[in-house]
Each structure stands twice: as C-alpha cells, then as structure tokens.
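Notes to accompany the following structure.
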Amino acid sequence: MTMDKEEKTIKTLQEVLAGIPHRLLGGREDLPLAGLSFDSRAVVPSGAFVAIEGTAADGHDYIDQAIRAGACAVVLRKTPGELHPGVSYVQVEDTSRALALMARAFYDNPTSRIALVGVTGTNGKTTTATLLYQVFRSMGYRCGLFSTVENIIGEEHIPARQTTPDILTLNASLDRMARQGCTHCFMEVSSHALAQQRVAGLDFRGAIFSNLTHDHLDYHKTFAGYRDAKKRLFDSLAPDAFALVNADDRNGAYMLQNTRAHKYTYSLASVSDFKARILESTFEGMELEIDGRQVWLPLVGRFNAYNALAIYATAVLLGCEPTRVLEALSCQRGVHGRFENWTSPSGVVCIVDYAHTPDALDNVIRTVNQLRTGNETFTVVAGCGGDRDRTKRPEMAAIVAEGADRAIFTSDNPRSEDPMDILEEMMAGVPAERTARVLVNPDRRQAIRTAVAMARKGDIILVAGKGHETYQEVKGVRTHFDDMEQLREAFSASAAEKR
C-alpha cells in the first residue's frame with residue numbers, strides 16, 4: 001500500500017521520523033520524500049519503504065525489490081545484510097508503530113483537524129458508525145466514514161476491503177476529509193486493527209464500546225487477548241476525549257479501567273449516564289424513551305435500541321442538542337444487511353442479517369421470536385465461515401436449532417475448507433432431539449430456495465451470516481452472491497412455477 005503526497009508541503013525523512021527513536025545506519029535524513037509505503041509493489045520513486053513483519057510475509061524480505069522500484073529510504077527493524085549506496089537505512093524497534101507515526105507526520109496530523117470517533121466491540125459497530133454518519137449528515141455536518149461496508153470521503157463512496165483500513169490509507173483519507181471541510185469522521189475499529197497498530201498515532205475525540213462476545217479467537221487465541229486488544233483503544237485516549245461504554249456488558253467497566261478520557265456509560269437496564277427503555281417493538285420499528293424523551297425509530301430489536309442509545313449519547317457528547325439528535329435519528333433507516341427485512345408478494349417475511357457470531361445470531365433469533373405471533377413457521381438459513389474460529393461452529397448451530405422451527409445449515413464463505421467439514425462441526429452442536437428440525441445443504445443458493453419453497457403466507461425466513469456481502473469465497477475464488485437478491489429471485493421463480 002502506498003499513498004502519494006499530492007498538493008501538500010513536501011516532508012523530509014527527518015521530519016517524518018521526528019519523535020521516533022531510531023538509528024541511521026547509512027545515508028542521510030534530509031531526503032525529501034515523495035511517498036510512504038509498506039508494500040514493495042507500490043513503492044513510488046523517491047519514497048520511503050517501511051518493512052513490516054506481518055503474519056503472512058516479512059517486509060524485510062522485500063527491501064531489495066523496494067529499492068529497485070525507487071525507494072530512497074528504508075525503515076527496518078532487522079540489521080540489513082548490505083547497504084545500497086544512495087539509500088538511507090533507518091533502524092527502529094517497532095516498524096509497525098514507526099509507520100503509524102510517520103504517516104501521521106507525513107499527512108500533517110489529520111486528526112488534529114477533524115473530530116474522529118471510534119466504535120469497537122463484537123456486534124453493532126457497523127450500524128452505530130454508519131448511523132452516526134447519517135445522523136450528523138442530516139443535521140448539516142460534512143462527515144467521513146470508515147465501516148465494514150464502505151468508506152466515505154466527502155461525496156465519494158468507496159467499497160471497504162476490510163473493517164479498518166491500513167494506517168496509510170487512514171491518514172491519507174482523513175487528510176482528504178479535513179481538506180474537503182469534513183468536521184467529523186466515524187470509524188469502526190476492529191480488534192485486528194488495534195493489535196496490528198493500524199490506528200496508532202490517531203487522536204480520537206471519543207470511543208464507543210458496544211459489547212464483547214465470542215469472536216476472532218482464531219487470531220487472538222484467547223478471549224482475554226481479544227478483550228485486551230479492544231481495550232487498547234480506550235487506553236490510548238487523551239484526557240480531553242470521551243470514553244462511552246455499554247454498562248449492561250460486564251466488559252464495559254474493564255474498558256474504562258486505565259483510560260485518561262472522560263468516562264460515560266449507556267444502558268437499558270442499569271444505572272448509567274444515558275438511559276433508554278423500549279416502549280413498543282414491531283417488525284417496522286420501535287418506540288423508545290431516551291433520557292425521558294419518546295422517539296419512534298425505524299430500527300428493529302433490542303440490540304438496535306443499544307445502538308440508537310450509543311448514537312444519541314455520542315452526538316450529545318459531541319455538543320449536539322438532544323432534541324435535534326432524536327429528530328435526526330428518527331428519520332434514519334437501518335444499515336444494509338443488518339436486520340434488513342422484506343415481505344415477499346406471497347406474504348413471507350424475509351430477513352437478511354450479518355450475524356456471524358453466537359451472540360449476534362442469538363440476538364437476531366430472539367428478536368424474531370419476540371415479534372412473531374407464534375402461528376407462523378420460522379426458518380433460519382445459516383452457515384459458518386471457513387478458515388476462521390472453529391470453536392463457535394457448534395455453538396452457533398445449537399442456537400439456531402433451539403430458536404428456529406426449522407434450520408437449514410449451508411455454506412457461508414468456506415474459503416479453503418471443505419464445506420461438508422464445516423457443516424459436520426456445526427451439526428456436532430445440535431442436540432439429538434432437535435436433529436429432525438435440521439436440513440443440510442452445502443449449496444447456499446439451493447438452501448435459500450429450499451427455505452422459500454417450504455414457506456407459506458405469514459412465515460418468516462432469516463438468512464444469516466453474510467449480510468451486506470455480495471460474494472461467496474470458495475478455494476480462493478470470489479463469485480457474486482447476494483442473500484437478499486437470492487431470496488427475491490427464489491420467490492420470483494416460485495411464483496413463475498405456480499403460474
């Protein structure tokens with residue numbers, strides 16, 4: 001990845017290294033830099049290459065390639081075997097952190113010019129960050145967004161490749177936002193990004209903690225490791241920032257333990273700084289009482305009540321008038337792929353949701369069961385991703401088998417794994433007395449069509465796991481696949497067959 005410095009004051013190597021402990025092994029520091037890169041394939045002539053030691057590759061192995069591409073400076077941790085003439089070599093203790101601080105300097109510390117708010121937790125990040133962006137836009141602010149679904153810079157919408165971009169993309173994008181007059185930016189902050197220092201050096205005006213449940217243990221190994229990665233965001237906050245946490249999650253208090261920021265809590269069930277309760281809930285939305293004010297929101301489920309309350313609290317902490325915030329919030333629709341529902345011409349309620357963790361799946365299924373009359377059949381189509389945390393597969397299967405009238409287990413993104421191996425691990429979690437409720441079909445398209453064929457007027461179908469995603473990844477190949485699109489096509493085909 002590289003980011004060029006267009007229309008900015010040229011920085012020297014010495015300037016971008018200011019404040020970073022380092023040792024010059026060869027060359028000089030007064031070199032003007034045309035760009036920064038940590039990918040040797042994207043080096044720009046007269047740019048600096050930072051050798052990052054990643055999980056899949058070590059940037060130190062690509063130093064010669066970067067120099068051949070025109071790098072005039074190399075920042076590294078390991079002592080090089082040889083020094084090329086005309087190239088400056090800078091040794092640091094941690095190249096990932098050095099890259100973050102260099103990017104901050106190269107792009108003139110963009111978070112000093114824009115109010116950046118980070119959202120972290122297991123579930124709710126995308127909805128909270130996206131609706132914050134939409135609420136502030138509707139109140140007249142110019143904003144930016146970094147989310148799992150898309151990144152928005154001014155009027156430019158860019159499909160997201162990962163939840164939190166790399167540190168160069170972040171700084172370059174934030175600089176562009178500030179130059180275009182954006183006053184706020186809302187960002188999903190993943191545990192991977194925090195562990196890999198992808199947000200190091202950014203000054204957050206505030207941070208939000210939603211909840212913490214079972215996820216990403218394939219990467220973090222333990223729940224404590226996962227939790228502590230999230231906590232880094234709050235530990236890094238400045239004294240003039242705010243830390244807002246869900247008081248109903250036992251990990252909320254843990255996030256606040258070492259933060260220097262002003263501490264605030266929100267809750268539906270506990271004593272807190274910001275409080276809400278659900279007055280009415282339907283498939284069309286819910287009526288909430290937030291800090292004594294009643295508001296109707298076109299959002300569904302208790303989990304969205306938490307998201308709405310976090311959005312309200314954040315806007316108030318950023319200086320917005322409470323009534324104005326609620327008015328703006330009441331006009332927002334849900335986020336694509338997050339409890340996105342549609343009623344078919346035949347009267348079947350269809351829901352697509354990104355739920356891919358045990359807790360998220362349980363929340364969505366519980367919400368449906370709370371809203372249904374009890375006379376309809378509730379079918380859940382779900383799978384588990386390949387090359388990811390295997391321990392949650394039987395747990396997710398058990399949740400579906402318990403909460404649905406009928407379950408169809410299928411492929412999600414199997415990636416390099418055999419889909420049937422994933423499905424066998426899921427079936428291991430289904431109690432013997434509930435196996436009769438479960439069908440298994442590794443073909444996701446056929447699984448959705450089976451659910452549609454079995455549905456009758458008034459029934460409910462939930463397709464979980466992929467949400468906003470428009471692809472399915474099998475053996476390294478991505479092909480187009482959209483759950484809502486597949487549902488609509490299945491109902492159209494079913495109607496045509498009946499004619």
For D235, salt bridge (charged side-chain N to carboxylate O under 4.0 Å, His left out) partners two or more places apart: K231

Enumerate donor-acceptor pairs with a distance under 3.5 Å from any side-chain N or O in residues 450-457 to protein atoms, sequence neighbours excluded.
from, atom 1, to, atom 2, distance (Å)
T450, OG1, Q446, O, 2.9
R456, NH1, A453, O, 3.1

Donor-acceptor pairs are to be reported for all side-chain atoms of residues 313-320 against protein atoms at under 3.5 Å, with residues two or more places apart or in another chain.
from, atom 1, to, atom 2, distance (Å)
T314, OG1, A310, O, 2.8

L116 side chain reached by R205 side chain, heavy atoms, under 4.5 Å: no

Might you confirm whether atom CZ of R372 has over 12 heavy atoms from other residues, nucleotides or ligands at distances under 6.0 Å? yes

Taking only residues two or more places apart in sequence or in another chain, which ones pass salt bridge (charged side-chain N to carboxylate O under 4.0 Å, His left out) with R260? none

Going by ring-ring contact (aromatic ring centres under 6.0 Å, His included), name the residues that satisfy it together with W342, two or more places apart in sequence or in a different chain. F491

Please test R232 against D228 for salt bridge (charged side-chain N to carboxylate O under 4.0 Å, His left out), starting from the C-alpha separation and ending with a verdict. CA-CA 7 Å; R232 288 186 182 187; D228 290 347; over 6 Å; no

Parallel under 30°, tilted from 30 to 60°, perpendicular over 60°: which one fits the rings of F209 and F234? perpendicular

For A432, what residues pass the side-chain contact (heavy atoms from CB on, under 4.5 Å) criterion, not counting sequence neighbours? none

Only pairs at least two apart or in different chains count here, so list each side-chain hydrogen bond (donor to acceptor under 3.5 Å, both in side chains) that has a residue in residues 238-248. D248-S267, D248-S270, D248-Y306

Applying salt bridge (charged side-chain N to carboxylate O under 4.0 Å, His left out), name anything that partners R488, two or more places apart in sequence or on another chain. none

Result for salt bridge (Lys or Arg N to Asp or Glu O under 4.0 Å) between D483 and one of R445, K466, R444 points to R444

Residues 415-435 vs ring-ring contact (aromatic ring centres under 6.0 Å, His included), sequence neighbours excluded, gives none

Can you name the residues that form a ring-ring contact (aromatic ring centres under 6.0 Å, His included) with H184, not counting sequence neighbours? F136, Y141

Enumerate the residue pairs fulfilling side-chain hydrogen bond (donor to acceptor under 3.5 Å, both in side chains) with a member in residues 419-442, sequence neighbours excluded, ordered by first and then second residue. R390-E425, R393-E425, E402-R434

The salt bridge (charged side-chain N to carboxylate O under 4.0 Å, His left out) partners of R277 (sequence neighbours excluded) come to E289

